[in-house]
Amino acid sequence: QVHVVESGGGLVQAGGSLTLSCAASGGMFSSYSTGWFRQAPGKEREFVAAIRWDGGRTYYADSAKGRFAISRDNGNTVNLQMNSLKGEVPAIYYCAASPAAEGWGKFDTQYADWGPGTHVTVSS
């Protein structure tokens with residue numbers, strides 16, 4: 001059980017970059033895998049990227065491969081660096097944590113602790 005909160009969202013020009021951060025507190029974050037999801041108005045929440053609790057493995061949605069990078073800072077923060085942003089519709093990006101023993105992946109049901117989200121808008 002940890003508390004997570006996202007930051008870094010905002011408006012970015014098409015083709016630009018933006019880095020989101022997920023800060024954790026209240027638990028042993030080093031024992032939690034972390035996933036990033038996003039949800040646009042009228043659409044289902046979709047998986048973006050995830051990183052295993054020890055940072056040894058990462059997993060990306062096809063739409064994020066080659067453009068996004070997820071990383072741990074060896075502390076209480078997980079970052080999502082988004083490059084070449086173009087074509088993404090405005091969406092809320094969520095950080096979610098999963099205990100290492102519970103596994104991790106692309107399904108939101110695998111994560112129990114969610115942040116309030118941060119908005120990301122790419123201008124056209």
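Computed over heavy atoms, backbone and side chain alike; hydrogens, waters and symmetry mates excluded. All values reported here derive from a predicted model rather than from experimental measurement. For reference, positions follow the sequence shown, starting with 1.
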Over all heavy atoms of both residues, which pair between [X] and [Y] is shortest? Give the atoms and the distance, please.
{"X": "Pro90", "Y": "Pro41", "value": "O-CD, 3.4 Å"}
{"X": "Ser17", "Y": "Asn83", "value": "OG-OD1, 2.9 Å"}
{"X": "Ser21", "Y": "Thr77", "value": "CB-CG2, 4.1 Å"}
{"X": "Ala50", "Y": "Gly105", "value": "CB-O, 4.4 Å"}

Arg57 atom CZ, neighbour heavy-atom count above 12 within 6.0 Å: no

Over-ring placement of Arg38 relative to Tyr94, 6.0 Å and 45° cut-offs: no

Of all pairs that satisfy side chain to side chain donor-acceptor pair (under 3.5 Å), the ones with a partner from residues 115-124, not counting sequence neighbours: Gln13-Ser123

Phe37: partners by ring pair (Phe, Tyr, Trp, His ring centres under 6.0 Å), with sequence neighbours left out: Phe47, Tyr111, Trp114

Name every donor-acceptor pair, under 3.5 Å, that has one atom in a side chain of residues 65-72 and the other anywhere in the protein, sequence neighbours excluded.
residue: Lys65; atom: NZ; partner: Asp62; partner atom: OD1; Å: 3.2
residue: Arg67; atom: NE; partner: Ser63; partner atom: O; Å: 3.4
residue: Arg67; atom: NH1; partner: Ser84; partner atom: O; Å: 3.1
residue: Arg67; atom: NH1; partner: Glu88; partner atom: OE2; Å: 3.0
residue: Arg67; atom: NH2; partner: Ser63; partner atom: O; Å: 2.8
residue: Arg67; atom: NH2; partner: Glu88; partner atom: OE2; Å: 2.4
residue: Arg72; atom: NH1; partner: Tyr32; partner atom: O; Å: 3.0
residue: Arg72; atom: NH2; partner: Phe29; partner atom: O; Å: 3.0

Using side-chain heavy atoms (C-beta onward) and a distance below 4.5 Å, is [X] in contact with [Y]?
{"X": "Asn79", "Y": "Gln81", "answer": "no"}
{"X": "Leu20", "Y": "Val120", "answer": "yes"}
{"X": "Trp36", "Y": "Val78", "answer": "yes"}
{"X": "Tyr93", "Y": "Met82", "answer": "yes"}

Could you pull out every donor-acceptor pair under 3.5 Å between side chains of residues 2-9 and any protein atom, sequence neighbours left out?
residue: Glu6; atom: OE1; partner: Gly117; partner atom: N; Å: 2.7
residue: Glu6; atom: OE2; partner: Cys95; partner atom: N; Å: 2.7
residue: Glu6; atom: OE2; partner: Gly117; partner atom: N; Å: 3.3

Where at least one partner belongs to residues 31-71, residue pairs that pass disulfide bond (SG atoms under 2.5 Å apart), sequence neighbours excluded: none

Residues forming a salt bridge (Lys or Arg N to Asp or Glu O under 4.0 Å) with Asp108, sequence neighbours excluded: none

Cluster check Val48, Trp53: I/L/V/M/F/W/Y, side chain < 4.5 angstrom: no

Ile51 with Trp104, same ILVMFWY side-chain cluster at under 4.5 Å: no

